[in-house]
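Report on one structure; see the data block that follows.
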Amino acid sequence: MRTPVIAGNWKLYKTSGEAKGLIEALLPLIKDVKGVEVIVAPVFTILHRVGELIGGSRVKLSAQNCFWEEEGAFTGEVSPGMLLDAGCSHVIIGHSERRQYFAETDETVNRKTKAAIAAGLKAIVCVGETLEEREEGVMNDVLTRQVTKGLDGLTSLQAVIIAYEPVWAIGTGKTATEAQAQEAHRLIRTVISQKFGVDSSDKVRILYGGSVKPDNVKGLMSQPDIDGALVGGASLKPESFAAIVNFGK
Ligand code: 13P
């Protein structure tokens with residue numbers, strides 16, 4: 001039995017004051033939900049503050065990125081150990097926006113994932129094909145490559161969550177259909193079982209991301225290989241994020 005995960009990726013939104021309003025409104029709305037892991041991922045500058053705001057609640061704290069070195073002359077970077085120190089338990093790695101705008105590759109994703117896990121964080125590793133790749137019929141190759149290279153060298157997936165985010169569905173309002181998402185999740189689980197064995201592939205959580213909203217989350221979550229959601233836009237409002245966390249009601 002895989003515990004569902006609902007994670008909110010705030011991207012480049014929310015000052016500390018705005019985050020306070022969001023968290024204070026969110027906590028009462030999700031306090032009765034059981035059996036769902038809830039994560040929020042604010043920008044670096046307010047991680048510590050959001051950690052204080054979520055306090056002893058069930059909500060966990062994630063960063064949106066990290067570097068692979070622990071310290072050194074790397075101006076502008078943040079290390080996994082520093083994220084732990086700021087109160088994070090999780091870090092998102094290799095989001096498609098980082099691959100697209102900040103030149104991240106499967107190799108950098110792999111280095112970051114290994115460093116994050118070695119430091120004691122849980123890594124939310126993102127994969128997903130572009131529209132062009134889907135239309136060219138190379139989706140399976142792309143996902144296989146991203147999963148294989150991104151997780152290369154790991155001996156266990158205990159500290160890994162995968163997020164499948166088709167690039168064409170992010171911020172576009174075009175959600176993958178339940179069947180499209182399930183097909184991709186199934187493929188990812190098969191690749192993982194070949195690389196890490198059936199026990200690991202049975203246990204690893206695979207989240208779907210891309211225009212997840214209160215009105216489509218239930219259908220997505222009803223699919224056998226979809227174990228949660230990585231939510232962008234709809235995680236910025238307490239009502240919509242709470243409704244997604246409450247998908248089982
Ligand atoms: P949207 O939910 O805004 O489409 O964003 C998805 C995403 O990229 C989450 O990481």
Side-chain angles (χ1 to χ4, degrees), residues 4-14 18-19 22 26 36-44 46-47 50 59-66 83 88-102 104 108-109 112-113 116 121-131 133-134 139 142-143 146-147 150 160-178 180-181 184-185 188 205-221 223 226-247:
V5 180
I6 304 292
N9 175 9
W10 293 1
K11 305 192 179 183
L12 190 54
Y13 293 99
K14 302 289 176 194
E18 291 164 348
L22 172 56
L26 175 69
V36 180
E37 216 174 303
V38 183
I39 302 171
V40 293
V43 295
F44 288 134
I46 60 168
L47 282 172
V50 173
V59 180
K60 294 175 182 164
L61 188 66
S62 175
Q64 298 174 15
N65 179 31
C66 69
L83 295 180
C88 290
S89 51
H90 292 69
V91 58
I92 298 170
I93 294 178
H95 189 280
S96 67
E97 287 150 16
R98 302 234 30 107
R99 295 180 192 250
Q100 198 176 346
Y101 306 127
F102 302 98
E104 294 212 10
T108 61
V109 169
K112 290 179 177 198
T113 301
L121 290 166
K122 292 195 164 51
I124 304 172
V125 181
C126 302
V127 298
E129 81 287 358
T130 62
L131 185 59
E133 289 164 340
R134 176 171 276 264
M139 174 186 106
V142 170
L143 294 180
Q146 289 178 340
V147 170
V160 171
I161 295 172
I162 305 284
Y164 168 63
E165 300 203 308
V167 178
W168 48 273
I170 296 177
T172 57
K174 284 188 204 152
T175 324
T177 63
E178 293 159 23
Q180 284 172 323
H185 282 230
I188 292 166
R205 270 93 52 92
I206 307 177
L207 317 185
Y208 169 79
S211 299
V212 175
K213 303 278 182 281
D215 61 359
N216 60 25
V217 66
K218 228 186 171 82
L220 289 161
M221 290 302 293
Q223 298 299 309
I226 300 184
D227 307 313
L230 183 54
V231 187
S235 73
L236 300 175
K237 295 210 174 90
E239 300 76 18
S240 49
F241 191 58
I244 293 171
V245 172
N246 278 291
F247 72 90

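Remember, it's 1-based here, ligands and their atoms both numbered in the order they're listed.
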Self-check item: Any side-chain donor near an acceptor of the partner, H95 and Q64, under 3.5 Å
Solution: no

Practice problem: Look at atom 9 (C) of ligand 1 and say which protein heavy atom is nearest, naming residue and atom and giving the distance to 0.1 Å. | Solution: E165 OE2, 2.9 Å

Self-check item: For N9, the ligand 1 atoms whose distance to one of its heavy atoms is below 4.0 Å
Solution: 9 (C), 10 (O)

Quiz item: Taking only heavy atoms of G210, which atoms of ligand 1 are found under 4.0 Å from at least one of them?
Solution: 4 (O), 6 (C)

Quiz prompt | ligand 1 contact by K11, heavy-atom criterion under 4.0 angstrom | solution = yes

Exercise. Check side-chain contact (heavy atoms from CB on, under 4.5 Å) between T130 and all other residues, then give those that pass, not counting sequence neighbours.
Key: E132, E133, V167

Self-check item: Atom CZ of F44 with >12 non-hydrogen neighbours under 6.0 angstrom
Solution: yes

Quiz item: A169 heavy atoms, cut-off 4.0 Å: which ligand 1 atoms fall inside?
Solution: 4 (O)

Quiz item: S211 heavy atoms, cut-off 4.0 Å: which ligand 1 atoms fall inside?
Solution: 1 (P), 2 (O), 4 (O)

Quiz prompt | Partners passing ring pair (Phe, Tyr, Trp, His ring centres under 6.0 Å) against H185 (at least two apart in sequence or in another chain) | solution = Y164

Quiz item: Should the heavy atoms of other residues, nucleotides or ligands under 6.0 Å from NZ of K213 be counted, would the total exceed 12?
Solution: yes

Quiz item: In ligand 1, which numbered atoms sit nearer than 4.0 Å to a non-hydrogen atom of G233?
Solution: 1 (P), 2 (O), 3 (O)

Quiz item: Do G232 and ligand 1 have an N or O pair less than 3.5 Å apart?
Solution: yes

Self-check item: 4.5 Å side-chain heavy-atom contact, E18 and L236
Solution: no

